[in-house]
Amino acid sequence: MDAWTRRVYEVVRSIPPGRVAPYGLVALVAGRPRAARAVGNVMLECDDPTVPCHRVVHADGSLAPSFRSQRARLRREGVRFTGARVDLRERLWAPRLPADVDRPRATRRRLGGDGGSSRRTTLKDSPAL
DNA sequence: AAAATGACTGGGA
DNA sequence: GTCCCAGCCATTT
(Lines give C-alpha, C1' and ligand atoms only; values in the text may rest on other atoms or scores of the structure.)
Protein backbone atom coordinates (compact mmCIF):
# COMPACT_ATOMS: atom_id res chain seq x y z
CA MET A 1 0.00 0.00 0.00
CA ASP A 2 1.60 3.21 -1.17
CA ALA A 3 1.05 6.86 -0.33
CA TRP A 4 -1.25 7.49 -3.28
CA THR A 5 -3.52 4.66 -2.27
CA ARG A 6 -3.68 5.79 1.33
CA ARG A 7 -4.47 9.30 0.21
CA VAL A 8 -7.35 8.16 -1.96
CA TYR A 9 -8.69 5.97 0.82
CA GLU A 10 -8.67 8.88 3.20
CA VAL A 11 -10.61 11.09 0.82
CA VAL A 12 -13.18 8.42 0.08
CA ARG A 13 -13.64 7.80 3.79
CA SER A 14 -14.66 11.41 4.19
CA ILE A 15 -17.62 11.09 1.83
CA PRO A 16 -20.69 11.04 4.11
CA PRO A 17 -23.34 8.31 3.83
CA GLY A 18 -25.97 9.18 1.27
CA ARG A 19 -23.55 11.29 -0.77
CA VAL A 20 -21.54 10.43 -3.86
CA ALA A 21 -18.40 11.83 -5.49
CA PRO A 22 -17.10 11.40 -9.05
CA TYR A 23 -13.64 9.85 -9.45
CA GLY A 24 -12.44 13.20 -10.71
CA LEU A 25 -13.51 14.99 -7.56
CA VAL A 26 -11.80 12.43 -5.39
CA ALA A 27 -8.67 12.96 -7.45
CA LEU A 28 -8.93 16.71 -7.02
CA VAL A 29 -9.30 16.56 -3.25
CA ALA A 30 -6.52 14.01 -3.11
CA GLY A 31 -4.31 16.59 -4.75
CA ARG A 32 -4.07 15.17 -8.30
CA PRO A 33 -6.69 17.08 -10.36
CA ARG A 34 -6.38 14.91 -13.47
CA ALA A 35 -5.87 11.53 -11.93
CA ALA A 36 -9.49 10.41 -12.07
CA ARG A 37 -8.50 7.29 -13.92
CA ALA A 38 -5.80 6.49 -11.41
CA VAL A 39 -8.39 6.81 -8.65
CA GLY A 40 -10.37 4.16 -10.45
CA ASN A 41 -7.38 1.86 -10.33
CA VAL A 42 -7.19 2.27 -6.58
CA MET A 43 -10.90 1.57 -6.15
CA LEU A 44 -10.52 -1.52 -8.24
CA GLU A 45 -8.15 -3.02 -5.74
CA CYS A 46 -9.97 -1.68 -2.70
CA ASP A 47 -10.94 -4.47 -0.37
CA ASP A 48 -10.83 -2.42 2.83
CA PRO A 49 -14.35 -2.45 4.32
CA THR A 50 -13.74 0.86 6.09
CA VAL A 51 -13.58 2.57 2.72
CA PRO A 52 -17.03 3.43 1.27
CA CYS A 53 -15.88 2.82 -2.29
CA HIS A 54 -19.50 2.50 -3.45
CA ARG A 55 -19.91 6.26 -3.03
CA VAL A 56 -17.52 6.96 -5.87
CA VAL A 57 -19.34 7.26 -9.18
CA HIS A 58 -18.79 8.38 -12.77
CA ALA A 59 -18.93 12.10 -13.59
CA ASP A 60 -22.36 11.68 -15.16
CA GLY A 61 -23.78 9.79 -12.21
CA SER A 62 -23.56 6.36 -13.80
CA LEU A 63 -21.72 3.47 -12.18
CA ALA A 64 -18.89 1.13 -13.05
CA PRO A 65 -20.40 -1.96 -14.72
CA SER A 66 -18.11 -4.38 -12.93
CA PHE A 67 -18.96 -3.09 -9.47
CA ARG A 68 -22.25 -4.97 -9.28
CA SER A 69 -23.11 -4.37 -5.61
CA GLN A 70 -22.64 -0.63 -5.85
CA ARG A 71 -26.20 0.24 -6.73
CA ALA A 72 -27.69 -1.76 -3.90
CA ARG A 73 -25.26 -0.35 -1.38
CA LEU A 74 -26.11 3.19 -2.44
CA ARG A 75 -29.84 2.58 -2.39
CA ARG A 76 -29.41 1.18 1.08
CA GLU A 77 -28.17 4.63 2.09
CA GLY A 78 -31.20 6.30 0.59
CA VAL A 79 -29.64 7.29 -2.72
CA ARG A 80 -32.23 7.21 -5.49
CA PHE A 81 -31.60 6.52 -9.14
CA THR A 82 -32.96 8.12 -12.25
CA GLY A 83 -32.57 5.36 -14.76
CA ALA A 84 -28.98 4.16 -14.53
CA ARG A 85 -27.64 7.16 -12.71
CA VAL A 86 -27.73 8.77 -9.32
CA ASP A 87 -29.11 12.27 -9.17
CA LEU A 88 -25.98 14.34 -8.66
CA ARG A 89 -28.03 17.46 -8.09
CA GLU A 90 -29.14 15.99 -4.83
CA ARG A 91 -26.39 13.63 -3.80
CA LEU A 92 -23.16 15.25 -4.93
CA TRP A 93 -20.66 15.57 -2.12
CA ALA A 94 -19.41 19.11 -1.53
CA PRO A 95 -16.02 18.62 0.13
CA ARG A 96 -13.95 21.28 1.78
CA LEU A 97 -10.91 21.60 -0.43
CA PRO A 98 -7.48 21.31 1.21
CA ALA A 99 -5.58 24.59 1.47
CA ASP A 100 -2.78 23.44 -0.76
CA VAL A 101 -4.94 22.99 -3.82
CA ASP A 102 -3.90 25.41 -6.53
CA ARG A 103 -6.76 27.84 -6.98
CA PRO A 104 -6.10 30.40 -9.76
CA ARG A 105 -8.61 32.96 -8.61
CA ALA A 106 -8.14 32.64 -4.92
CA THR A 107 -9.45 36.15 -4.45
CA ARG A 108 -12.01 35.38 -1.83
CA ARG A 109 -14.86 37.82 -1.43
CA ARG A 110 -18.52 37.84 -0.61
CA LEU A 111 -20.46 37.09 -3.70
CA GLY A 112 -23.42 39.28 -4.42
CA GLY A 113 -24.60 41.52 -1.62
CA ASP A 114 -27.50 39.19 -1.02
CA GLY A 115 -26.09 35.85 -1.94
CA GLY A 116 -25.83 34.47 1.55
CA SER A 117 -28.28 37.05 2.74
CA SER A 118 -28.83 35.74 6.22
CA ARG A 119 -26.58 32.71 5.97
CA ARG A 120 -23.12 33.23 7.31
CA THR A 121 -22.26 29.56 7.32
CA THR A 122 -19.27 28.02 5.72
CA LEU A 123 -20.29 25.85 2.82
CA LYS A 124 -19.62 22.46 4.35
CA ASP A 125 -21.84 20.14 2.46
CA SER A 126 -24.57 20.34 -0.06
CA PRO A 127 -28.02 20.67 1.44
CA ALA A 128 -29.37 17.44 2.81
CA LEU A 129 -31.84 16.04 0.36
C1' DA B 1 13.06 1.99 -20.44
C1' DA B 2 8.74 1.24 -23.22
C1' DA B 3 4.25 -0.40 -23.79
C1' DA B 4 -0.07 -1.96 -22.14
C1' DT B 5 -4.01 -1.44 -18.83
C1' DG B 6 -8.16 0.36 -16.61
C1' DA B 7 -14.05 1.13 -11.24
C1' DC B 8 -12.10 8.04 -15.84
C1' DT B 9 -13.34 12.44 -18.69
C1' DG B 10 -14.64 16.18 -21.71
C1' DG B 11 -15.72 17.21 -26.12
C1' DG B 12 -17.24 16.31 -30.68
C1' DA B 13 -20.29 13.56 -33.85
C1' DG C 1 -29.99 12.17 -25.48
C1' DT C 2 -25.89 8.36 -26.63
C1' DC C 3 -21.39 6.73 -28.63
C1' DC C 4 -16.63 7.15 -29.44
C1' DC C 5 -12.01 8.74 -28.77
C1' DA C 6 -7.84 10.99 -27.56
C1' DG C 7 -5.74 12.47 -23.45
C1' DC C 8 -4.56 11.56 -18.65
C1' DC C 9 -2.22 9.00 -14.53
C1' DA C 10 -0.40 5.44 -11.57
C1' DT C 11 0.63 0.54 -12.07
C1' DT C 12 2.10 -3.46 -13.93
C1' DT C 13 4.21 -6.10 -17.69
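Order of the sequence lines fixes the chain letters, A, B, ..., with proteins taken first and strands second; residue numbering starts at 1 for each chain. As a basis for the values below, the full set of heavy atoms in this structure was taken, side chains included, without hydrogen atoms, waters or symmetry mates.
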- Task: Ignoring hydrogens and angles, tell me if any N or O in the side chain of A:Arg13 forms a donor-acceptor pair with the backbone of A:Pro52 under 3.5 Å.
- Result: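 Side chain of A:Arg13 to backbone of A:Pro52, a donor-acceptor pair under 3.5 Å: no, none is there.
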- Query: Quick one: does A:Arg91's side chain have a donor or acceptor within less than 3.5 Å of a partner on A:Gly18's backbone?
  - Reply: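 Indeed, once roles are kept as given, a pair shorter than 3.5 Å links the two residues.
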Contact class for [X] vs. all strands (heavy atom < 4.0 Å): base, sugar-phosphate, or nothing?
X       : answer
A:Arg85 : sugar-phosphate
A:Asp2  : sugar-phosphate
A:Pro65 : nothing

Rounded distance (Å) that lies between atom [atom2] of [N] and atom [atom1] of [X]:
X       : N      : atom1 : atom2 : result
A:Asp60 : C:dG1  : CG    : P     : 10 Å
A:Leu88 : B:dG10 : CG    : P     : 11 Å
A:Asn41 : C:dC8  : CG    : C1'   : 11 Å
A:Tyr23 : C:dA10 : OH    : P     : 17 Å
A:Leu44 : C:dT12 : CG    : P     : 11 Å
A:Met43 : C:dT11 : CE    : P     : 12 Å
A:Met1  : C:dA10 : CE    : P     : 18 Å
A:Phe67 : B:dG6  : CZ    : P     : 18 Å

- Message: Checking contacts here: which listed nucleotide (C:dC9, C:dT11, B:dT9) is nearest the side-chain heavy atoms of A:Ala36?
- Response: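 Within the option list, the nearest is B:dT9.
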- Item | SB check A:Asp87 A:Arg80 (cutoff 4.0 Å) |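 Between A:Arg80 and A:Asp87 there is no salt bridge, as every charged N stays at least 4.0 Å from the carboxylate O atoms.
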- Query: When only distance counts, do a donor and an acceptor, one from the side chain of A:Arg37 and one from the base of C:dG7, lie under 3.5 Å apart?
  - Reply: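 It does, because a donor-acceptor pair links the side chain of A:Arg37 to the base of C:dG7 below 3.5 Å.
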- Below 4.0 angstrom from OP1 or OP2 of B:dA7, is there any side-chain N or O of A:His58?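 Answer no for this pair, as no side-chain N or O of A:His58 is under 4.0 Å from OP1 or OP2.
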- May I ask you to evaluate whether A:Arg32 reaches the phosphate of C:dA10, defined as a side-chain N or O under 4.0 Å from OP1 or OP2?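 For C:dA10, OP1 or OP2 has a side-chain N or O of A:Arg32 closer than 4.0 Å.
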- Taking the side chain as C-beta and beyond, is there a heavy-atom pair between A:Leu25 and A:Pro95 under 4.5 Å?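 Of all side-chain heavy-atom pairs linking A:Pro95 with A:Leu25, at least one is under 4.5 Å.
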- Query: For the side chain to side chain donor-acceptor pair (under 3.5 Å) test, which of A:Arg76, A:Gln70, A:Glu77, A:Arg71 pairs with A:His54?
  - Reply: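 Filter result, single survivor: A:Glu77.
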